[in-house]
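Only one structure is covered here, and it is reproduced in the block below.
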Amino acid sequence: MKERPILKNKIYLYLTEFFAGMSVMAVELGASRLLAPYFSSSQIVWTIIIGTIMIAMAMGNIYGGKSADKNPNPDKLYGRIIIAAVWIAMIPVVGRYLIIGISAVLIFSVSNSFLIIAAFAACMIIFVFPLFLLGTVTPSLVKYSVDSLDDNGKTVGYLNAFNTIGSIIGTFVPTFVSIPTVGTSITFLIFAGILLLLSVVYFLSSKVPMKKIKKLPMGIVLFIICCAVGHGNQFAFWEKNLTYEGESVYNYLQVSENENQVILSTNVLFGVQSIYMKAEGLSGLYYDYAMAAPMMAGIHEKQKTDILILGMGTGTYATQCKRYFENVDIEGVEIDEKITKLSKEYFAFPDDVKVITYDGRAFLNATSKKYDVIMLDAYQDITIPFQMSSLEFFTMVKEHLNEDGVMVVNMNMRSSKKGSINDYLADTICRVFGSVYTVDVNNSTNRELFASNNPKMLNIYENNLSKERNEELADMMKDVYNDLEPYKPGKYLLTDDKAPVEMLGMKEIDDIIQDEVKRYQNIYDKEGFKGLLEQVL
């Protein structure tokens, strides 16, 4: 092993281990945020991220150990750290383009489990190599730091402790500090810079001739370029003139608008979360349909109707209810405080509606209040919270409804195939509520489900329709009434113990994707890539 004075200072070796462990966890959390706008942040995607990173670290441990035994040259280790740092710094620059490119290739060659395969391929291509290099740190440092068999156990223990402590800090800092404050891109750059600095200190203190460490100046130059180019990239880089783009603790957030509407998206590839129509009228969107729930609860027969919205989002449902009903007291629960702030800035959120920043189920656990209407609007694409889809959860909702209260659930990704996620949800709801009706929202994939234990729910609805003085709303509510269908329960059930909502949602997304690209696949099969490009462009 070549003599390097800095290696005699074990504190520096421990710091190398510390920052390597911190960077691995920071990259893992950054990976989840980079992938989420394209593949969701479901348990499936997290499993893929963790699995691929464990593969990378295991391979790095093996290679690092063999390399240290064969050629115990610390210059090689810190050279690998430079390469890892530059690679991580390049992720904000090229990562999004690679994800879209991988998806574009796979979407025409994979018929099932597209999101799983695409997410796995993206992880393998983007993240495995730098983490493989960081995986070589521990076995290499063991080789350089163990002086004798008398203290090898102590030294290895300290190395592992510093790695673990670094991993702990690397878990909390990106989640609660860097990503919400400066974003995912700069988070990658920060930790790439830390790794690069480690190598700079090592090589400069070791006085290694510059001609032998060409990687260092090249790495510094590339890092500076990445900082200049990659600090402000958009997730939806093809979108122009976005009103707002940012990140919160929970979500990637994107606000866009045109003359007629304002849109909030938390997922680049699969639609939008909220739409606010600037014109004060009915939009024909799902939240208009959901206004049938206050009618079913007898809003025109009560002095006040208490409405709770779980998954307030930007408050479009609250806004419509406030516009058309005078005697409503609305409160909402939204886990993402930044969405609530955006709703007040861009979505004309009513000032007199109270919003609690909390998880919907946790809120029900913490309150004893009962409501006339509970609106559940917490499902978006594949990211359906399992704890808000189970038998136990819907039982809790029932316990927070008045005797004639109504629950309305906004379900998207409706499918005609048996065994869909909506079948599971509706069948589970039927185990709790005696009267369940559904209506499909025109020109969308949404389905509204109304549930109550009041057998006279439709009679109340009909009576309140006759009392509605707003002709526009009355006509809309009549259409909903005419399209309502009683739901016939099946055998499916979701419980706290078993609620495979991610797999069910993934199946629906696969079906939606295949339907959307079928036309393009036919063009590709007949005319090849050239014909496809001509059609797209």
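This structure is a prediction, so every number in the text was calculated from the model and none was measured.
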**Request:** Calculate, to the nearest 0.5 Å, the distance between atoms CE and CG belonging to M396 and L391 respectively.
**Result:** 11.0 Å
**Asked** What do you reckon, is CG of D351 surrounded by more than 12 foreign heavy atoms closer than 6.0 Å?
**Response** no
**Request:** Report yes if the side chains of I307 and P294 come closer than 4.5 Å at any heavy-atom pair, otherwise no.
**Result:** yes
**Message:** Go through it in stages, so that I can follow the logic: the residues are V353 and M312, the test is side-chain contact (heavy atoms from CB on, under 4.5 Å), and I'd like the CA-CA distance, side-chain angles, deciding distance and then a yes or no.
**Reply:** CA-CA 10 Å; V353 173; M312 174 66 86; 3.6 Å; yes
**Request:** To the nearest 0.5 Å, tell me how far T187 OG1 sits from L34 CG.
**Result:** 11.5 Å
**Message:** Using 0.5 Å steps for rounding, measure from the CD1 atom of I125 to the CD1 atom of I102.
**Reply:** 3.5 Å
**Nearest heavy-atom neighbours spanning Y276 and A348** = OH-CB, 3.3 Å
**Message:** When you compare the side chain of Y252 with that of T184, does any pair of heavy atoms fall below 4.5 Å?
**Reply:** no
**Fill in**
Shortest non-hydrogen pair, M477 vs M295, comes out as CG-CE, 3.8 Å
**Prompt:** How about K369: does its NZ atom have over 12 heavy atoms from other parts shown lying under 6.0 Å from it?
**Reply:** yes
**Prompt:** Does a side chain donor of either Y324 or E468 reach within less than 3.5 Å of an acceptor in the other side chain?
**Reply:** no
**Asked** Do Y379 side-chain atoms and M388 backbone N/O form a donor-acceptor pair below 3.5 Å?
**Response** yes
**Message:** For a quick test of reading the model, state the closest non-hydrogen atom pair linking S390 to R361 and the distance between them.
**Reply:** OG-NH1, 3.5 Å
**Request:** Applying side chain to side chain donor-acceptor pair (under 3.5 Å) between Y289 and each of N410, D440, N442, report the one that passes.
**Result:** N442
**Asked** Do N453 side-chain atoms and G434 backbone N/O form a donor-acceptor pair below 3.5 Å?
**Response** yes
**Asked** Is the side chain of N402 donor-acceptor paired with the backbone N or O of G405 at a distance under 3.5 Å, no angle test?
**Response** no
**Request:** Hey, could you give me the CD/OG distance between E28 and S167, rounded to the nearest 0.5 Å?
**Result:** 9.0 Å
**Message:** In the structure I gave you, are the side-chain heavy atoms of F394 and L376 within less than 4.5 Å of one another anywhere?
**Reply:** yes
**Asked** So do I126 and I99 actually touch side chain to side chain, heavy atoms under 4.5 Å?
**Response** yes
**Asked** Quick one: are L264 and F347 in side-chain contact, heavy atoms under 4.5 Å?
**Response** yes
**Residue pair V441, L285: steps toward the side-chain contact (heavy atoms from CB on, under 4.5 Å) verdict** = CA-CA 7 Å; V441 179; L285 298 173; 5.8 Å; no
**Asked** Should the heavy atoms of other residues, nucleotides or ligands under 6.0 Å from CZ of F363 be counted, would the total exceed 12?
**Response** yes
**Message:** As an exercise, state the distance from NZ of K370 to CG of D306, rounded to the nearest 0.5 Å.
**Reply:** 13.0 Å
**Prompt:** Does a donor on one side chain and an acceptor on the other come within less than 3.5 Å for D372 and T305?
**Reply:** no
**Prompt:** K278 versus N260: any side-chain heavy-atom pair under 4.5 Å?
**Reply:** no
**Asked** Considering the options F127, F129, F132, F191, which one meets the ring pair (Phe, Tyr, Trp, His ring centres under 6.0 Å) requirement together with W87?
**Response** F129
**Backbone of L29 reached by a side-chain donor or acceptor of S32 within 3.5 Å** = yes
**Prompt:** Does a side-chain heavy-atom distance below 4.5 Å link F393 with L364?
**Reply:** yes
**Request:** Consider only side-chain N and O atoms of N454 and D404, and report whether a donor and an acceptor are under 3.5 Å apart.
**Result:** no
**Asked** Of all heavy-atom pairs between V408 and F450, which one has the smallest distance, and what is that distance?
**Response** CG2-CE2, 3.5 Å
**Donor-acceptor side-chain pairing of T495 and R431 below 3.5 angstrom** = no
**Message:** Between I275 and T316, does the side-chain contact (heavy atoms from CB on, under 4.5 Å) criterion hold? Intermediate values first, please.
**Reply:** CA-CA 7 Å; I275 299 178; T316 47; 5.8 Å; no
**Request:** Using distance alone, with no hydrogens and no angle criterion, decide if E257 and T243 have a side-chain donor and acceptor under 3.5 Å apart.
**Result:** yes
**Request:** For A499 and L494, work out which heavy atoms get closest and say how close.
**Result:** CA-CD2, 3.8 Å
**Asked** Would you say Q254's side chain and E245's backbone share a donor-acceptor pair under 3.5 angstrom?
**Response** no
**Prompt:** Any chance CG of D497 has more than 12 other-residue heavy atoms, nucleotides or ligands included, within less than 6.0 Å?
**Reply:** no
**Request:** Tell me, yes or no, whether the heavy-atom count around Q261 atom CD, taken from other residues, nucleotides or ligands under 6.0 Å, exceeds 12.
**Result:** yes
**Request:** Could you go through the side-chain hydrogen bond (donor to acceptor under 3.5 Å, both in side chains) check for Y286 and D377 one step at a time?
**Result:** CA-CA 10 Å; Y286 77 87; D377 193 15; 2.6 Å; yes
**Request:** Could you walk me through whether Y461 and M457 pass the side-chain contact (heavy atoms from CB on, under 4.5 Å) test, one step at a time?
**Result:** CA-CA 6 Å; Y461 185 16; M457 177 175 69; 5.8 Å; no
**Asked** Around atom CZ of F172, are there more than 12 heavy atoms of other residues, nucleotides or ligands at under 6.0 Å?
**Response** no
**Prompt:** Regarding N327 and Q303, is there a side-chain donor-to-acceptor distance under 3.5 Å anywhere?
**Reply:** no
**Message:** Distance check, rounded to the nearest 0.5 Å: E331 atom CD versus I356 atom CD1?
**Reply:** 5.0 Å
**Any donor-acceptor N/O pair, E334 side chain to T340 backbone, under 3.5 Å** = no
**Request:** Kindly give the heavy-atom pair with the smallest separation between S435 and P455, and that separation in Å.
**Result:** OG-CA, 3.8 Å
**M90 atom CE, neighbour heavy-atom count above 12 within 6.0 Å** = no
**Asked** Would Y492 and Y424 count as a ring-ring contact (aromatic ring centres under 6.0 Å, His included) if you check the C-alpha gap in whole Å, the side-chain angles of each, and the deciding distance to 0.1 Å?
**Response** CA-CA 5 Å; Y492 301 111; Y424 272 85; 4.5 Å; yes
**Asked** Are S248 and K341 side-chain neighbours, meaning at least one heavy-atom pair lies under 4.5 Å?
**Response** no
